[in-house]
Amino acid sequence: MSYAENIKSCDDTHQLSETENPLQVRGRISSAVTHGPSKLSYFIYRPRNRKEQEQVVFSIHGYTRNALQHMFVLQDYAEEKGVAVVVPHFTKREFRRYQQVRPHRNGACPNIAFMELIQDLEVTNAFDLSTIRAVGYSGGGQFLHRLMMLQPDLIDRLVLFAPGWYTMPDRAHPYPLGLGRSPALGDRSLSLEGFRKADVLVLVGDKDVSRNDSLNKHEDIDLAQGRTRVARAQNWTRTMNANLPFDNQIKLQLLKGLRHGFRRNFEKKGYGQLVFDHLLRDLLPQNVSQEN
């Protein structure tokens, strides 16, 4: 079902009664807020016919913060693969610079909020969180690769889909452009160790070369990484792989004829299938929904 069709038919899709637990609802989108101090809101979809714990796939939105659109587009993949999909919503008010994993002035820190979300899911014992699998689109990809640097033991399988720019693995530039100290980093430390163990795939359309308002065009980024998402993905992947073991390199795939845009690329172009196949590759035999 298309995003537009979902919008027309869902009406109160994610509205729950006061007695319903959103983490137990199956077959429709529900919404919740984490119990920790960050109070991160999120959407969740659980497949209808799954009989046991299901793997969770996290999807991180871009700078337009279209979390509900992610949920509408990805729910069909959740049903097909027999997995739960969870989409946190990093609001501009509470998490203004979530892409850079920066604390907001009110103290809310995006990486802490994400951990609170995982902890809430763990408490229910309804999900398989033995491995964490996530996809980040555009700004969401920025968030996830920086989260990996801050919390290297967190994510096991990762897809970065067309991030606008990256943190480069050098200490000559201050964070978030590089690994050097900066006020944006505070007293936190960075590491590449997570990339030495995780399975990471970078996807970007070979036509995703527009320098529109959604792309950070700061001269330091242009000089260090290139002027387009394609060039920046190539430069970051090559530089990162020079610091990683030969048998665990980051993979980069250029998608022919593809431009920027989440809904177009995941729904109309069908690249959501590629993303889920990568994230669930080792689990696919078990990820077929079971009939009653």
Side-chain angles (χ1 to χ4, degrees), residues 60-64 90 96-102 110-111 134-152 155 158-186 188-196 198-246 248-262 265 271 275:
I60 312 299
H61 59 70
Y63 88 108
T64 59
F90 292 104
R96 184 175 180 83
R97 295 184 176 179
Y98 79 97
Q99 303 101 313
Q100 300 175 26
V101 201
R102 289 198 192 196
N111 60 311
V135 53
Y137 196 89
S138 194
Q142 292 186 46
F143 168 79
L144 282 176
H145 87 275
R146 292 176 178 127
L147 180 66
M148 281 273 287
M149 294 177 176
L150 287 163
Q151 297 181 234
I155 300 175
L158 179 63
V159 175
L160 308 175
F161 206 128
W165 61 292
Y166 301 81
T167 292
M168 300 297 286
D170 70 74
R171 301 195 180 276
H173 296 95
Y175 181 82
L177 184 58
L179 303 179
R181 305 303 303 181
S182 77
L185 185 60
R188 300 177 294 175
S189 60
L190 298 167
S191 170
L192 301 184
E193 192 59 33
F195 292 94
R196 297 187 174 98
D199 189 330
V200 181
L201 172 65
V202 179
L203 299 174
V204 63
D206 65 355
K207 300 298 185 183
D208 195 349
V209 294
S210 173
R211 286 176 61 81
N212 56 27
D213 290 343
S214 67
L215 184 71
N216 191 326
K217 297 181 283 292
H218 193 284
E219 61 181 358
D220 289 345
I221 299 174
D222 283 350
L223 288 172
Q225 301 180 25
R227 292 174 55 83
T228 69
R229 287 185 175 87
V230 172
R232 293 173 184 183
Q234 292 170 328
N235 287 328
W236 182 77
T237 302
R238 181 177 61 252
T239 307
M240 285 288 291
N241 282 339
N243 291 272
L244 300 177
F246 181 76
N248 197 40
Q249 300 276 283
I250 296 171
K251 296 171 283 294
L252 170 63
Q253 186 172 347
L254 296 184
L255 304 177
K256 187 175 181 180
L258 216 63
R259 294 179 170 81
H260 205 63
F262 170 77
N265 292 342
Y271 281 108
V275 168

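Within the model, atoms CG of L179 and CG of L190 stand 5.5 Å from one another, a figure rounded to the nearest 0.5 Å. D222 contributes atom CG, which lies 5.0 Å from atom CZ of R227 (distance to the nearest 0.5 angstrom). Annotation: the span from N248 atom CG to N241 atom CG amounts to 9.0 Å, rounded to 0.5 Å. Atoms CZ and OG, on R229 and S210 in that order, are 7.5 Å from each other to the nearest 0.5 Å. Taking CZ of R196 as the start and CG of N243 as the end, the distance is 7.0 Å to the nearest 0.5 Å.
For the residue pair A231 and G226, the shortest heavy atom distance occurs at CB-CA, 4.2 Å. Summarising the geometry of G164 relative to Q142, their closest heavy-atom pair is N-NE2, 3.8 Å, with the distance given to 0.1 Å. The heavy-atom pair separating V204 from A233 by the smallest distance is CG1-CB, 4.1 Å. L244 and L192 get closest at one heavy-atom pair: CD2-O, 4.3 Å. Across all non-hydrogen atoms, the minimal contact from Y98 to G140 is OH-N, 4.1 Å. Residue A198 comes nearest to M148 through the heavy atom pair CB-CE, 3.6 Å, listed as atom of the first residue, atom of the second, then distance.
Sparse packing is recorded around CG of D213, with 12 or fewer heavy atoms of other residues, nucleotides or ligands lying under 6.0 Å away. The neighbour count for R188 CZ, taken as heavy atoms of other residues, nucleotides or ligands under 6.0 Å away, is above 12. Annotation: R96, atom CZ; neighbour count of heavy atoms from other residues, nucleotides and ligands within 6.0 Å does not exceed 12.
Not a single donor-acceptor pair under 3.5 Å links the side chain of R171 to the backbone N or O of G180. A donor-acceptor pair under 3.5 Å is formed between the side chain of S182 and the backbone N or O of Y175. Side-chain atoms of Q225 never come within 3.5 Å of backbone atoms of W236 as a donor-acceptor pair (strictly under, hydrogens ignored). The backbone N or O of T167 sits less than 3.5 Å from a side-chain atom of H145, completing a donor-acceptor pair. R232 places no side-chain N or O within 3.5 Å of a backbone atom of A224 that could act as its donor or acceptor partner. The closest donor-acceptor contact from the side chain of K207 to the backbone of L255 lies at 3.5 Å or more, if one exists at all.
Two rings, from H218 and W165, have their centers 6.0 Å or more apart. In this structure, the ring of F143 has its center no less than 6.0 angstrom from the ring center of H61.
Among R146, R102, Q151, the one residue that satisfies the side-chain hydrogen bond (donor to acceptor under 3.5 Å, both in side chains) test with N111 is Q151.
You'll find the side chain of K251 stays beyond 4.5 Å of the side chain of V200, heavy atoms only. By the 4.5 Å heavy-atom criterion applied to side chains, I155 and L147 are counted as neighbours. Two residues are said to be in side-chain contact when any heavy atoms from C-beta on lie closer than 4.5 Å; H173 and D220 fail this criterion.
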Subject >> Derivation of the side chain to side chain contact (heavy atoms under 4.5 Å, CB included) call for L258 and N265 >> reply: CA-CA 7 Å; L258 216 63; N265 292 342; 3.2 Å; yes
**OP:** Could you go through the salt bridge (Lys or Arg N to Asp or Glu O under 4.0 Å) check for D208 and R259 one step at a time?
**Re:** CA-CA 4 Å; D208 195 349; R259 294 179 170 81; over 6 Å; no
Subject >> Derivation and outcome, salt bridge (Lys or Arg N to Asp or Glu O under 4.0 Å), residues K256 and D206 >> reply: CA-CA 6 Å; K256 187 175 181 180; D206 65 355; over 6 Å; no
Subject >> Derivation of the side chain to side chain contact (heavy atoms under 4.5 Å, CB included) call for S189 and M149 >> reply: CA-CA 8 Å; S189 60; M149 294 177 176; over 6 Å; no
**OP:** Would you check, one step at a time, whether the test side chain to side chain contact (heavy atoms under 4.5 Å, CB included) holds for V101 with L150?
**Re:** CA-CA 9 Å; V101 201; L150 287 163; 3.5 Å; yes
**OP:** For the pair L201 and L158, evaluate side chain to side chain contact (heavy atoms under 4.5 Å, CB included) and give the outcome as yes or no after the intermediate values.
**Re:** CA-CA 6 Å; L201 172 65; L158 179 63; over 6 Å; no
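Contacts of Y137 classified as ring-ring contact (aromatic ring centres under 6.0 Å, His included), with partners at least two apart in sequence or in another chain: F161, H260, F262, F266.
Side-chain polar atoms of Q234 and R238 form no donor-acceptor pair below 3.5 angstrom.
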